[in-house]
Protein chains: 2
Amino acid sequence: MREDTRTRIQEVALRRFTEQGYEATSLREIAEELGVTKAALYYHFKTKDDIVASLVEKRLIELEKLLEWVRSRPKTPETRRELVERYAADLRDSRHHGIARFLERNQTALRDHPTLIKIRERMMELISELSESGATPTERVSYSLALFALHAGKWLLKEDELPEEEIQKATVEVALRLLDA
Amino acid sequence: MREDTRTRIQEVALRRFTEQGYEATSLREIAEELGVTKAALYYHFKTKDDIVASLVEKRLIELEKLLEWVRSRPKTPETRRELVERYAADLRDSRHHGIARFLERNQTALRDHPTLIKIRERMMELISELSESGATPTERVSYSLALFALHAGKWLLKEDELPEEEIQKATVEVALRLLDA
DNA sequence: GTCTATAAGGCGATAGAC
DNA sequence: GTCTATCGCCTTATAGAC
């Protein structure tokens, strides 16, 4: 039983938006790869932007859940540690990982997209939850970079051809170490 | 005595490419801001890509100089430390800083641009110069992230409204600390 | 060195048949 | 749910006058 068209559009769009960028990917391209016409796409999605919205919605919800959780906790080193581990676990999920890569690579092109604006805001809120109000600039940079380390590892070690699991472990280790600044 | 048109084109293009992205910025826009017509732009630059090339050339040369320097040195902690400080000093220069931001934000859109491909290659080479061949994955991630920290600090702390100098100091501190993994 | 005018083509999006 | 056909707009880029 073959997937429905809507899902296939999302898959192709996500891959091409990630690899070539949102603006450089035309709806004609996507349609051709799927063996349908552009017009068929418009039956499933109102606009090109709407495809993006459908892609990133779940990521926004995930971030909001994480934010709600961390705010229900005392601001302790233990909470920070667990936040980093939960964030890493989210990224480990292949669906979220794909979305996260798409987001990294289209920050500028999609800077005005409503859902992406919210995602950016939630990310900044998450980062600020990592720092106590009295934290020094050095601590702030270090804590913020912790979440970032989890994203960066994937492409930093791409030449080493290490098993996915080992890269995962290394990035989490570095991230946790950044919390001890 | 007003700057020549070629330089003004570069300034406007750099700003708009950085803020809105390369693809989202049309030559018409740039021309209008300068009070000339599109055709005038084509007198100074062969293509839109050519404007980018003129912008990033110096950054490539700077990276190649840095690479040459680090390769002339023994692979010691002291060399790594000095590399991070030299890299930070480069970024401190306002011209390179502007170019670096432009590069960060247009990685995907300009992934096929010849000069940007070279810049990416040099960056990866620089990163691999930071790691000895026997380094663990954790060390590799940590060292690589050191150079990255220098870029990231600027927008990570943008809400704190700290003086530029203090942000600079904090990022360098975190970067150096990442070298002690 | 800058202009007007235009070529040539791709884009997102829509109407209406089937 | 997918098609054909097309609209209107914007783009990069060029030719040739001044």
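In what follows, chains carry the letters A, B, and so on, assigned in the order in which the sequence lines appear, proteins first and then strands, with residues in each chain numbered from 1. As a basis for the values below, the full set of heavy atoms in this structure was taken, side chains included, without hydrogen atoms, waters or symmetry mates.
Pairing each heavy atom of B/A175 with each of B/L150, the nearest pair is CB-CD2, 3.8 Å. Closest approach of B/F45 to B/I9, counting heavy atoms only: CE1-CG2, 3.6 Å.
Between the side chain of B/T108 and the backbone N or O of A/R105, at least one donor-acceptor pair lies under 3.5 Å. At distances below 3.5 Å, not a single donor-acceptor pair connects side-chain atoms of B/R122 with backbone N or O atoms of B/L66.
Taking a heavy-atom distance under 4.0 Å as the criterion, the stretch of DNA chain C touched by chain B extends 5' to 3' from C/dG1 to C/dT4.
Inspection of the A/D49 and A/Y22 side chains reveals an N or O donor paired with an N or O acceptor under 3.5 Å.
Contacts classified as side-chain hydrogen bond (donor to acceptor under 3.5 Å, both in side chains) and involving residues 142-151 of chain A (residues at least two apart or in different chains) are given here: A/Y87-A/H151, A/E104-A/H151.
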I'd like a table of atom pairs between the protein and nucleotides 10-13 of chain D - only N or O on both sides, under 3.5 Å - with the distance next to each one.
{"from": "D/dT11", "atom 1": "OP1", "to": "B/S26", "atom 2": "OG", "distance (Å)": "3.2"}
{"from": "D/dT11", "atom 1": "OP1", "to": "B/R28", "atom 2": "NH2", "distance (Å)": "3.3"}
{"from": "D/dT11", "atom 1": "OP2", "to": "B/R28", "atom 2": "NE", "distance (Å)": "2.8"}
{"from": "D/dT12", "atom 1": "OP1", "to": "B/K48", "atom 2": "NZ", "distance (Å)": "3.3"}
{"from": "D/dT12", "atom 1": "OP2", "to": "B/L27", "atom 2": "N", "distance (Å)": "3.2"}
{"from": "D/dT12", "atom 1": "O4", "to": "B/K38", "atom 2": "NZ", "distance (Å)": "3.4"}
{"from": "D/dA13", "atom 1": "OP2", "to": "B/Y42", "atom 2": "OH", "distance (Å)": "3.0"}
{"from": "D/dA13", "atom 1": "OP2", "to": "B/K48", "atom 2": "N", "distance (Å)": "2.9"}
{"from": "D/dA13", "atom 1": "O5'", "to": "B/Y42", "atom 2": "OH", "distance (Å)": "3.4"}
{"from": "D/dA13", "atom 1": "N6", "to": "B/K38", "atom 2": "NZ", "distance (Å)": "3.3"}

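Between A/D4 and A/R6 there is no salt bridge, since no side-chain N of the basic residue sits under 4.0 Å from a carboxylate O of the acidic one.
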